[in-house]
Each structure stands twice: as structure tokens, then as C-alpha cells.
Amino acid sequence: MAEQYFVKGQLNQMIFQNQQTQFSIASISVEDTDLELDEQELVVKGHFPALTHGNDYIFYGQMQTHPKFGEQLSVFTYEKELPKTEDSLVKYLSSDLFYGIGQKTAKKIVDTLGINAVDDILRDESKLDEVIGVKSETKKQFIADLRLHQGFEQVTVELAKYGVGLQLARKLYEAYAERTIQQLQDNPYDFVFHVDGFGFQRADEIAQFLGIKDDHPTRVQAGILHVLDEEASNGHVYTELAHLIERLNQLLFQGQTIEDEESLLDHLNHLVEESLVVLENQRLYLPQLYFAEEGVASQLTRLLETEEETSYDESELLATIGEIEEQEGIAYGEEQYEAVKKALDHKVMLLTGGPGTGKTTVVKGILHCYETLFQKNKPKRQSDFILAAPTGRAAKRLTESTGLKAKTIHSLLGWSGEEEFEFNGSNQLSGKMIIVDEFSMVDIWLANRLLKAVPTDMKVIFVGDEDQLPSVGPGQVLADLLTSEAVPVCRLQEIYRQKNDSYIVKLAHDIKHDQLPEQSVGKKADFNFIDTSSDHAIDTIEQIVTKALDKGYTMRDIQVLAPMYRTKVGIHELNQSLQHIFNPKMEKKREIEHFQSIFRTGDKVIQLVNQPEKDVFNGDIGEIIAVKYAKEAESKKDELIIDFEGLEVSYTRQDFNQIMLAYAISIHKSQGSEFPIVILPIVRPFKRMLVKNLIYTAVTRGKSSLIICGHYDIFLEGLQKGDAFKRQTTLVERIHAFHGTTTELVSTDATNLDHMEVDEKEEFSPYDFM
């Protein structure tokens, strides 16, 4: 390992700084060092905040020689010495580090409390009350800023002893504040589940430094939770015990067989007793997923057991359908008519079908017929019908197609961003019928929350395409409900939407039924397959986009979809390339750098996480309409203002990781959306990710035009991989025998789980571990 040195000195000049990542380069006037230097000036670089003039800093790191700029100190950690004179302390307190403290206020603080003002305030906050003329809000903010900066610097120095650099130290401090070091010493594995970028391997390295043995209970139990968390992130609700042991052997003991398997079972039983794991019939579950499955089975049983008889004259139904046909200028097929009738006759129904089979037509028929046949002589009310979808774009499409307001499921249930929902089992929704579109996207946790909020006297219609990708979150609720055969199902198979002989619709159904030609498909009115190599794929996509823009299409009309973020044709590379075409740099156009991305006024961006307090959700696409720099923003921070379909939301730098450019997005993120033009690269670097339902989902996003560019053999090969990622779920079993489920442990000393109440434990959230 290269030798570490220290350098003490003051700032000459900040050469460079990225405010988001805190990567900085500075020129230092050296006062003391254990290096042999020809000059008393040295360049230091690393992840540290902007330095201020007049302060003494001590940097620790390794010397590196840059081919162009010569010798530099690569900083691993640093510490700042507090100013030693009253003048320098005034400069420090009036710097940008402390919001609302100008030079006049800083001088008051120093004049009143002296050179030890900082230490005195940190020891006793009431000391600041001795300073006359400082507003209470200013005092509160100043103390918070002081603790943040001083506390963080102390923590970074201590974390450096454990091999944690400045960038990760900042994340740890944001999560744990002053408790960071104590938590690290008590249980470094806790960071794995609560700090992004802190992996199990890093926790292991720190644990070894602390002397924690390989078979220590803390390590083994954290390993179990880590494996279950990874399996859940891959969509699995449970993990087989044998698979867990195999994974643990690899993770904890480098593939060697665990000699004492009874000890492992003891660790499992401990996690069970602590309600951190559920072990049932050789299967292991995170509690929030176990109780979500139990909840879905229970709530579904509640609804199905109260099946009500509906009374109407079928001639009236035929007459009502005739009215719709006349108004809409369409003709209902036999499948569609039966779907409407089944929805009216049953409490719960699943409506599934591919593109062009008329799911929207059926939904409109259900709404109109229910209102006509069962709401006679009653005023029409939006509240009688609840329409929902998993994403904002899917909800918007449902609104446009039905004329009734649709919401995202999270908005409908009044999600606060924590575990609490306004509508739940105790405070249920009100209305006559709920229709949930794009139900294939709903994971087991959200399905449970939704069903709990549905009252017993409400009709439920789930609409989705069973051949699309399953939910991003754990489970495969739509597929499992279809498999269970417990819920009435209507499968639409006849293709009605064949305007202009749409080849996109035909291709989707050919994929669905495994009917594809062996040779590449020729150019059609709404489809083209362009043969291109991986090296030229981006150039080809750029040419397609340029031509589309020249024909009058906009960035909202054109969407590039890809299955992977990395690789040379991945989403990140595509976005950087396409930004130059859709929204090039201009002298008067404002922009902000964030990591390796640039956000510019006019950019198309996508929301990556749910933010219910802002009413924006994962998958929502918007446009940056304003960039505000810190000096002019009320928050005194750089800001982006993003327009999401009329909703304007402000983001400061700390929120920038919630968005990314959206000229290219993942196929998963595109679910629930349609775009006039879809461009889909199918190239060799994507080979391992390409499977039938992924390609099918991408193809069905194209509304008017679909262009695939890449290799036809890779395209065909992907379509032949149908069950490559089969998910482990037990929802079908629970629906079939909900009241007969028993819980067993695999150890003779196992603790019985009968004491665990489903209703009490259901408040677990997947975000506790994920």
C-alpha cells in the first residue's frame, strides 16, 4: 500500500469543485508536512467541500504524479482547524457555510463570546442567547449548520480510520449524523440496508478491522437479510432455504460448506423471533412481503365471498351497448360484449388482452352500462367510479380514454411517503366501482395496500396485459391471480385495432403466439428493422431522431427504449448523445452539472422514485422549464423547475439524484405509456437481458411507429427466452387455501410463529430493507 502523508496549510485558490459530488481541486500554501517539497505550494484533490481563505486545514493522502500538472496529493481525509484569531473567526462564521449570518452578526457573536465561541455554542446552545439582536430562527439555523459542519468533519476523520473516504462519509453522516461512529462500531452491517453505495463487502471489511469473526451472529444474520433483500430486488417474494444456504456459503465463506448448519438455523430462528424474517415450509420471506401475500389472499377472499347477485334485463344491456356503438361509431365483438356482461355480473373481474384487442372499449362499456342499468334516476357522479393506474402517464391515458379523472394508486390511497396511507382497512374508499389499469405493474406490497382500502360492496375490475413484464417490485400479482382461477377472467384475443393494417399490433401478437419469421421483417408503414452493429447503433439512432425532428415531431413524440443503463449503447450513453440533438448547448440556455450529467433548460427528464409530498411518482416524465442558480434562488441553492404535465415541481441539488435525462429510458420505466415513435436498439451487449416479455413490452409501447435497430438474430434469440426469470411467489397457494396455511420451522428448537399477528405486522414496508 502506498505511503500516506499529511499536509497542513491554507487555501491559495479553489481550482475546481463539483458541488454535488464535492470533488475538489485546490492549491494549498503549505505550513507543515512530512513530505519533502521543493516549493511551499501543493495541489490537493479529493472529495471535500469548498475551502475558505484564512482557515488552517490538515490533509491526509497519497502522492500522485499527474502527466500534465505534476505532483498532487490525493486526499483520503481532511480536518479543519478552527480559526485562531478573532478576525479569522468572523470571516469563518460569515462565510457561505452558515446561512443568514453576515459579517455584522458574526462580529457580534465573536465580540460577545470570544475566540472559543464555536466550542462554547456546541457545548451549550443557550450561549448564543447572550448575543443581542439575533433572531430566533437565525439562531436555530446557525446552530444546525454549525453542528452539521463541525460534526461532519469530526466524523470524517474518525471514519478514515476504517477506510471510508469523504464521499461515502457524507452519505453516512446524512443518514446517522452524530451517531455514525457509534453505529459503525456497534454494527457496520446496518449501513448496508440504509445507505446507498455501502455494500455488504465494505461492511465486511470494517467488521474485520473491528475484529468481528466470520461466524459472528451479527455477520451471519446480516448476510441472511442481505441475501433476502437481493432476492426481493430480483422480484422474488421468498427464497428457498437450500438456495439461501448456497448463497450464504458464497457470500460469507467463499463457497466453503458451512460445517455447523444447526448454528445457521439458530441465527434464522433469532431473526424469526425478532420478526425480521418469516420461515415457512423451507421458504424464507422478508416480513413485509410475507404479510403482503397473506393480505392479498385475505382481502381477495373477503371480496369474493360477498359475491352479489345483479338484476337487469339482458335486452336492456343489448340496447345500452347499441347506444354506445352509435355514439362511438364502433361495433362490439362477442368477446367484448361478454367481458362487459361478466364485469356487471361479478364482484371482481380480471380483464386481460394484448394491444388492439379493445380493453379500453370494454372499460368504457362497463362504465356506461353500469351507470345506465344500476344508477337509473340517480345523478351522475365521478365519485361513483374510481379509476387508477400505477403511474402518472398510465393514469393520464385512462383519463383521456374514459373522460373520467384517474389517479395513480399512491395518490388515490393518500400515501404520505412513509408507511401510512390515508385510505386503509380502517378508512376505506367510497364508490360503486374501482377500475385499475396496467395491473401487471402492481407489486405484491401495493396490491395489498389497495385491496385493504376497497370496501366489500365495491366492484373491482383489474385490467392488464398478462404478457407484459411483471412489476418492478416483488411478486407477479396479475399472473398469480390468473393462475389461481379464483377470480373471473375475460381474455380478449380478437384484434380490433388494425387501422391502416398496423404491423405493430400484428408483431405484438406474433410475439405473443411465438409466430415469427426466420428472416428479418421488411419495412412496413409503421415499422422498420434496421440492421446495424453495436458500434454504429447510436449513430443510427441519431439519424432516425434527426429525420423525425425534421418532419415536425417533437421530443415528446419520440422515445428511445433500452434494457440496460450501462454499456456503450446503454441508456446513459444514449441520453448524453441524444441531448446534443434534442436540446443542444446554447449561449443563453442555462444548465447545471450533476455528476456526469448536465441538466439544461428544455431537457426531458424522468422521475426515478416516488415523491408523494410533491405528487410526482416513479416513471413520471417532465421537462425542465427553469434553472435557478444559488445566488438568485430563495433557497440559496441551485434549483431546477420541472413541469410534469402542468404540475411544476422544484428540485434542489440534494434532490437531483431523483431524476435523470429521459430521451432514452428503460423498458421497465416505459410501462403504462405509449409514444407516437418508439426506437428500440436490440444489440449484442443487451443479449443477456433480452427475454420475450421484455421485448413484447417495448414493442407494445409504439403507437404509430416502431423502429428496431440492431441484429435480427439477437432479436429472435431473445424472444425464445420466455421463462428465464421465473419469480418465486406463493400467492396462488395462499388464495387456494388461505385459512389452512401452517407455519413450520426447519429446526427442532425452532420458535413457533403463531404469536405473530398478521394485522399487527402488516405495517412493514419494503423500503425498510430495499
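- Under the side chain to side chain donor-acceptor pair (under 3.5 Å) criterion, Asn116 pairs with no residue at all, not counting sequence neighbours.
- Contact of the Val627 side chain with the Glu591 side chain is not registered, since no non-hydrogen atoms from C-beta on lie closer than 4.5 Å.
- Using a distance-only test at 3.5 Å, with no hydrogens or angles considered, no donor-acceptor pair links the side chain of Glu31 to the main chain of Asp56.
- Checking side-chain atoms of Thr112 against main-chain N and O of Lys108 turns up a donor-acceptor pair under 3.5 Å.
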**Asked** For Ser673 and Ser670, what are the C-alpha separation, side-chain angles and deciding distance, and is it a side chain to side chain donor-acceptor pair (under 3.5 Å)?
**Response** CA-CA 6 Å; Ser673 301; Ser670 73; over 6 Å; no
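- Applying the 6.0 Å contact sphere to OH of Tyr553 captures no more than 12 heavy atoms from other residues, nucleotides or ligands.
- Going from atom CD1 of Ile592 over to atom CG of Asp638 covers 4.0 Å, rounded to the nearest 0.5 Å.
- Checking side-chain atoms of Thr399 against main-chain N and O of Ala406 turns up a donor-acceptor pair under 3.5 Å.
- Between the side chain of Glu41 and the backbone N or O of Val30, no donor-acceptor pair lies under 3.5 Å.
- Arg566 and His572 get closest at one heavy-atom pair: CG-CD2, 4.4 Å.
- Listed by chain and number, the residues in a side chain to side chain donor-acceptor pair (under 3.5 Å) with Asp34 amount to none (sequence neighbours excluded).
- Separation of atoms CG (Leu608) and NZ (Lys669) is listed at 5.5 Å; rounding is to 0.5 Å.
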**Prompt:** So Met63 and Leu42, side chain to side chain contact (heavy atoms under 4.5 Å, CB included) or not? Walk me through it.
**Reply:** CA-CA 10 Å; Met63 289 300 294; Leu42 181 67; 4.1 Å; yes
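- The two residues Lys604 and Ile558 come nearest to each other via the heavy atoms NZ-O, 3.2 Å.
- Residues in residues 128-137 take part in these side chain to side chain donor-acceptor pair (under 3.5 Å) pairs, two or more places apart or across chains: Asp129-Lys139.
- Residue Phe59 holds its CZ atom at 8.5 Å from CG of Leu73, rounded to the nearest 0.5 Å.
- Of all the heavy atoms in Gly672 and Met441, the pair that sits closest is N-SD, 3.7 Å.
- In this structure Lys107 satisfies the salt bridge (charged side-chain N to carboxylate O under 4.0 Å, His left out) test together with Asp111, sequence neighbours excluded.
- Taking a 6.0 Å sphere around NZ of Lys589, one finds it holds more than 12 heavy atoms contributed by other residues, nucleotides or ligands.
- Remark: side-chain polar atoms of Gln559 are paired, donor with acceptor, to backbone N or O of Ala662 under 3.5 angstrom.
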**Request:** Walk me through it: do Leu93 and Val118 pass the test side chain to side chain contact (heavy atoms under 4.5 Å, CB included)?
**Result:** CA-CA 9 Å; Leu93 295 179; Val118 171; 4.1 Å; yes
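- By the 30° and 60° cut-offs, the orientation of the rings of Phe617 relative to His410 is parallel.
- Between Tyr60 and Phe6, the two ring planes are tilted [angle within 30° to 60°].
- Not one N or O on the side chain of Ser577 forms a donor-acceptor pair closer than 3.5 Å with the backbone of Glu573.
- No donor-acceptor distance shorter than 3.5 angstrom exists from the side chain of Asn427 to the backbone of Asn424, with no hydrogens or angles considered.
- No donor-acceptor distance shorter than 3.5 angstrom exists from the side chain of Asp603 to the backbone of Ile624, with no hydrogens or angles considered.
- A parallel orientation is assigned to the rings of Tyr663 and Phe582, their planes being inclined by less than 30° (bins at 30° and 60°).
- For Asn575 against Leu661, the heavy-atom pair with the smallest separation is ND2-O, 3.0 Å.
- Residue pairs meeting the salt bridge (charged side-chain N to carboxylate O under 4.0 Å, His left out) criterion with at least one partner in residues 639-651, sequence neighbours excluded, are Arg393-Glu645, Lys396-Glu645.
- Residues that satisfy the side chain to side chain donor-acceptor pair (under 3.5 Å) test with Asn187, not counting sequence neighbours, are absent from this structure.
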**Prompt:** Checking side chain to side chain contact (heavy atoms under 4.5 Å, CB included) for the pair Asp443/Val472: CA distance, chi angles, key distance, verdict?
**Reply:** CA-CA 7 Å; Asp443 62 31; Val472 174; over 6 Å; no
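- Here the straight-line distance linking atom CZ of Phe423 with atom CG of Leu412 works out to 7.5 Å at 0.5 Å rounding.
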**Message:** As a quick check of understanding, evaluate side chain to side chain contact (heavy atoms under 4.5 Å, CB included) for Tyr629 and Arg590, giving each step before the final call.
**Reply:** CA-CA 9 Å; Tyr629 299 128; Arg590 292 186 165 204; 3.7 Å; yes
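- Checked for salt-bridge contact, Asp655 and Lys614 meet the test: a charged N lies under 4.0 Å from a carboxylate O.
- Taking every heavy atom of both residues into account, Asn583 and Thr601 meet most closely at ND2-O, 3.0 Å.
- Thr180 approaches Phe191 most closely through the heavy-atom pair O-CZ, 3.7 Å.
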